[in-house]
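Down below is the structure, laid out as structure tokens.
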Amino acid sequence: MPLYGMLSPLFVYRAKKTMNNSSLSPLILVDGSSYLFRAFHVPYLQALSTADGQPTGAITGVLNMIRSLKKDYPNGNVVVVFDAKGKTFRNDLYPEYKANRPPMPDELRSQIAPLHQIIEAMGLPLLVIEGVEADDVIGTLSDQAAKLGIETVISTGDKDMAQLVNEHVRLINTMTNVEMDVAGVVEKFGIRPDQIIDYLALMGDKVDNIPGVEKCGPKTAVKWLLEHENLDNVIKNADKVKGKIGENLRNALEQLPLSYELATIKLDVELAKSVEELAPVAPDVEKLTELYKTYELRRLLAELTAGSELQSADTETKAAAPVEVIESQYQNILTKADFNEWLGALKAAQYFAFDTETTSINYMAAELVGLSFSIEVGKAAYVPLTHNYVGAPEQLDRDWVLEQLKPILEAKDIIKVGQNLKYDANVLAHYGITLNGIAFDTMIESYCLNSVATRHNMDALAEKYLDYKTVHFEDIAGKGAKQLTFNQIDIEKAGHYAAEDADITLRLHQAIFPQLEQLKGQLSVFHDIEMPLLPVLAKMEQHGVLIDADLLAEQSQAIGTRLQELEVEAHNIAGKSFNLSSTKQLQEILFDELKIPVIKKTPKGAPSTAEEVLQELALDYPLPKIILQHRSLSKLKSTYTDKLPLMVSSKTGRVHTSYNQTVAATGRLSSTDPNLQNIPIRSEEGRKIRNAFIAPENHKIVAIDYSQIELRIMAHLSDDPGLVKAFSEGRDVHQATAAEIFGVELEQVTADQRRSAKAINFGLIYGMSAFGLSKQLGIARNQAQAYMDKYFERYPGVLTYMEETRQDATEHGFVETLFGRRLYLPDIKSKNAMRRKGAERAAINAPMQGTAADIIKKAMLAVDQWIVENNDPRVCMTMQVHDELIFEIHQDIVEQTTQQLVNIMNDAVELKVPLIAEAGIGENWEQAH
DNA sequence: ACCCATTCCTA
DNA sequence: GTAGGAATGGGTA
């Protein structure tokens, strides 16, 4: 999991702060194997490969790290050490050593030789010694160096190396990016470096198959060592340790010396060259160029060739025209010379922040106005392109600039940092640029860290994490109808605003990401789900959905006529004219003038005219029924049949929603402008709107939804045998529940009993009480309670799960999904009982709703990967509606493709119960259901 | 022009 | 009884 650290900016920052200034060059020992392995498992590095399929992610990762180290320790003498192939002396000591390790995957193995070649061509000493491990070589070198008074820094992610730390030797940890000296070891482990081997021996190591004391983890090991100082004394006092753990210790006594020996890093490996003889040689630029080309390491190649050019460009500009020194070091780029300088820096950058400035917040309507960049905190540049107010200075040609930037923006190995990068990706797509290397979106970082925080916009994040007030868009553009678009804004003001955006984004990343890194589950949601999903959503948004606007216009027409008739009827009954859409006027008519009894009040105390109320009143009075019909029809007209045709893009003839990835606290997506996740389906009339969601010529609409996904998740999380069995046997779960609650055979369950069972099943997912159930089913409270009691009697695992979840939430203040997405519940300890109860219900619901969201997101990633691999434009994913994915598929391949997609969705994750996706195919969305 | 309350559409 | 978005009227600035 670590190694994110090596791309984490804190690395640079902290390392510089603690750099030592001894007169001798420090020795920098790189644990290449540990890095290689870690880099191999970093998601965004895994995506990297050459055109012909040779994976290069691990190579890139290790080289990035070496590059960072060289930058941070300019005087350092970097030596890279790798494990050699084959057995080591530890296998002779103990044949079972590392016997459980799975064989190295080919994708990783194939990267080792190229990496060795590159490191050698770089001129760095490379040590691969057979019969020992990299640790032993590093130990030996650090020991030799210490004797010569040379400072050593060991770069590793391996905690075992803490035993090597002393006054001359420090570790730099890949995970936390902090240098660890003797005090650091004490702080981190609670014991001194010279106690680390004893500590490791006591704990053993599952992964390396080193035996230790059963059930002895870090806490116990430290406790014993604090008490007895070292392993020998622990062994001598083994008789005094009480309980099961004492017994375990006594059972382990015989093998502890072996464990100690295995955990001990050798300091006396015979090396061909001593530490003094290990010096870098000049890089073989020709060889390096060739290797970088072969493995398509574009950024490193650019850096290799640009290094000298950059320097000359730098002096050139200084000589030609002194750069205006702006205090904040924000720069407007108006000349090719300035632009080229930045271009070179961007090409060589490990990562940079950027932002697009446009004419609209709607990505379909947006025209690019300028771009801003920041590679280093505090320094940023704005490249204005199409500011066109009167008196605007001449700017660089937009298409020329984009042509220069295209290879950088499209490079997968140049990491981009941004705020809401989906927007930038969509805008750039209009100019034929596919944004790649999207690894860090600060908006999503903030969301993954705390999904309950409602605002993840840059201004709010800057205040929260940087205690900094940014220039707001309204400050420079004004507001309301008179608001200027960005191209009308004075370049000086615009430049400061835009450059600040890039600068602040970079700073935010540096402030938020290290926090995210500390939380394993949330980091994994960020790296494995949310960031990879971003480009998938962007693709769906850009593709859009096809609408039959004529059909909707016809429907609007018909509804309009009917609404007029209803209005006349209503006015006649009321005896006067009034606005049927006004709840206030309706309240007066119904409850004051017609003296109809008040059944329910709104939260503010006004008599409610909500549907359920009118439904009941309609039994005794004529007007409520008219109002109900009017309401439902006017809703359909204003929200759907009138609105959707207006949302058709003139550019594409299709409707393009926005999926928001950072709104729903549970992890769901939301959809706006228009919301495509609440298109009617329940009523006959509303459902017709789905007829207007059509497929293009020769294509079909395919809708695939997960059946009962949240209940299946409840079965999985609670592990209730009855519920798991019902799903595993493929039962109708509501029918099965009804049979249990009402004590009848499956076949004898009535429609009414099934309906009640269904209400209970859903209610449980929402954290419902007996009171809620009684209202839902229209039965007495004690009757509802009896149903629920019976349910929990039959499904005791569910009851336990609910209780444990509540308890967990209260204890920790958060709950988590199956995949580690975390939802904080600040109200769980509220003194206000209503808020507290509300938080408890949310605590029950969130793991189920959130896990469902995780699953469909994973399914979307799998589906997209399949579509990309197939590279067939006849298949396209167009919509997501929480538990349903909608596709456009060419009629020639629709049957077999649908089956494939169903399989992919079924296999998206493995639960204790089967996951079932069901598909429908049709000319439109209605038919596809 | 903006905010709030109410209502109703979805999973 | 969970999670959302959007339209409307009606008040306020």
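All values below come from the heavy atoms of this structure, side chains included, with hydrogens, waters and symmetry mates left out.
Between A:Tyr423 and A:Tyr363, the distance from one ring center to the other does not fall under 6.0 angstrom.
Look at CE on A:Met647: it is 8 Å from P on C:dA6, rounded to the nearest Å. The CD atom of A:Glu474 sits 12 Å away from the C1' atom of B:dA1 (whole-angstrom rounding). With rounding to whole Å, A:Glu884 atom CD is found 16 Å from C:dG4 atom C1'. To the nearest angstrom, C1' of C:dG1 lies 16 Å from NZ of A:Lys758. A:Phe578 has its CZ atom 17 Å from the C1' atom of C:dG10, to the nearest Å. Rounded to whole angstrom, the span from the NE2 atom of A:His882 across to the C1' atom of B:dC9 amounts to 11 Å. Following rounding to the nearest Å, A:Leu676 (CG) and B:dA11 (C1') show an atom-to-atom distance of 14 Å. One interatomic measurement links the two molecules: CG of A:Asp673 to P of C:dG5, which rounds to 10 Å at whole-angstrom precision.
Across B:dT10, B:dT6, C:dG10, the shortest atom-to-atom separation from the side chain of A:Ile681 is found for B:dT10. When each of B:dT10, C:dG10, B:dT6 is scored by its nearest atom to the side-chain atoms of A:Thr602, the top-ranked nucleotide is B:dT6. Comparing atom distances between the A:Thr672 side chain and each of B:dT7, C:dG5, B:dT6 picks out C:dG5 as nearest. For A:Asn675, the listed nucleotide lying nearest its side chain is C:dG5; candidates were B:dT7, C:dG5, B:dC9. Taking every side-chain heavy atom of A:Phe771 into account, C:dG1 is the closest of C:dG1, C:dG10, B:dT7. Closest contact between the side chain of A:Ser582 and the listed nucleotides B:dA11, C:dG11, C:dG9 involves C:dG9.
Residue contacts shown for A:Thr609 are limited to sugar-phosphate atoms, with no base heavy atom under 4.0 Å away. Residue contacts for A:Phe762: at a heavy-atom cut-off of 4.0 Å it reaches no nucleic acid atom on any strand shown. Across all strands shown, A:Gln776 has heavy atoms under 4.0 Å from base atoms, whether or not it also approaches the sugar-phosphate. Contacts of A:Glu611 with the nucleic acid, taken as non-hydrogen atoms under 4.0 Å apart, involve only primed sugar atoms and P, OP1 or OP2. Heavy atoms of A:Asp705 sit nowhere under 4.0 angstrom from any nucleic acid atom. Contact annotation for A:Arg668: base contact, defined as any heavy-atom pair under 4.0 Å involving a base atom. Note on A:Ala481: only backbone sugar-phosphate atoms sit closer than 4.0 angstrom, heavy atoms only; bases stay farther off. Among the protein residues, A:Leu669 comes within range of no part of the nucleic acid, since none of its heavy atoms lies under 4.0 Å from any strand. Using a 4.0 Å heavy-atom criterion, one finds that A:Lys643 contacts the sugar-phosphate atoms exclusively. Within the nucleic acid shown, A:Ala665 comes within 4.0 Å of sugar-phosphate atoms alone, with no base atom in reach, counting heavy atoms only.
Side chain A:Gln677 to base B:dT10: no donor-acceptor pair is found below 3.5 Å. A donor and an acceptor atom sit less than 3.5 Å apart, one in the side chain of A:Lys635 and one in the base of B:dC8. One N or O donor and one acceptor, one from the side chain of A:Arg682 and one from the base of B:dA11, sit under 3.5 Å apart.
A donor atom on one side chain and an acceptor atom on the other are not found under 3.5 Å apart for A:Arg668 and A:Gln677. A:Gln542 and A:Asn426 are linked by a side-chain donor-acceptor pair at a separation below 3.5 angstrom, with hydrogens and angles left out of the test. A:Glu884 and A:His929 are linked by a side-chain donor-acceptor pair at a separation below 3.5 angstrom, with hydrogens and angles left out of the test. Side-chain contact of A:Glu530 with A:Gln661: a donor-acceptor pair under 3.5 Å is present, judged by distance alone.
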> For A:Asn660 and A:Ser670, what are the C-alpha separation, side-chain angles and deciding distance, and is it a side-chain hydrogen bond (donor to acceptor under 3.5 Å, both in side chains)?
Replying inline: CA-CA 5 Å; A:Asn660 200 324; A:Ser670 81; 5.0 Å; no
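Side-chain nitrogen and oxygen atoms of A:Gln585 include at least one within less than 4.0 Å of the OP1 or OP2 phosphate oxygen of C:dG10. Checking the phosphate oxygens (OP1, OP2) of C:dT2, a side-chain nitrogen or oxygen of A:Arg841 falls inside 4.0 Å. Between A:Lys637 and C:dA7 there is no side-chain N or O to OP1 or OP2 distance below 4.0 Å. Proximity of A:Lys604 to the phosphate of B:dC4: no side-chain N or O atom is located under 4.0 Å from OP1 or OP2. The side chain of A:Asn579 places an N or O atom within less than 4.0 Å of a non-bridging phosphate oxygen (OP1 or OP2) of C:dG9. For C:dT8, the OP1/OP2 oxygens have no side-chain nitrogen or oxygen of A:Thr583 closer than 4.0 Å. Residue A:Ser670 places at least one side-chain N or O under 4.0 Å from the OP1 or OP2 atom of C:dG5. Side-chain N/O atoms of A:Thr666 include none lying less than 4.0 angstrom from OP1 or OP2 on C:dT2.
The aromatic rings of A:Phe742 and A:Tyr787 sit perpendicular to each other, their planes meeting at more than 60°, with 30° as the lower class boundary.
With salt bridges taken as basic N to acidic carboxylate O contacts below 4.0 Å, one links A:Glu888 and A:Arg654.
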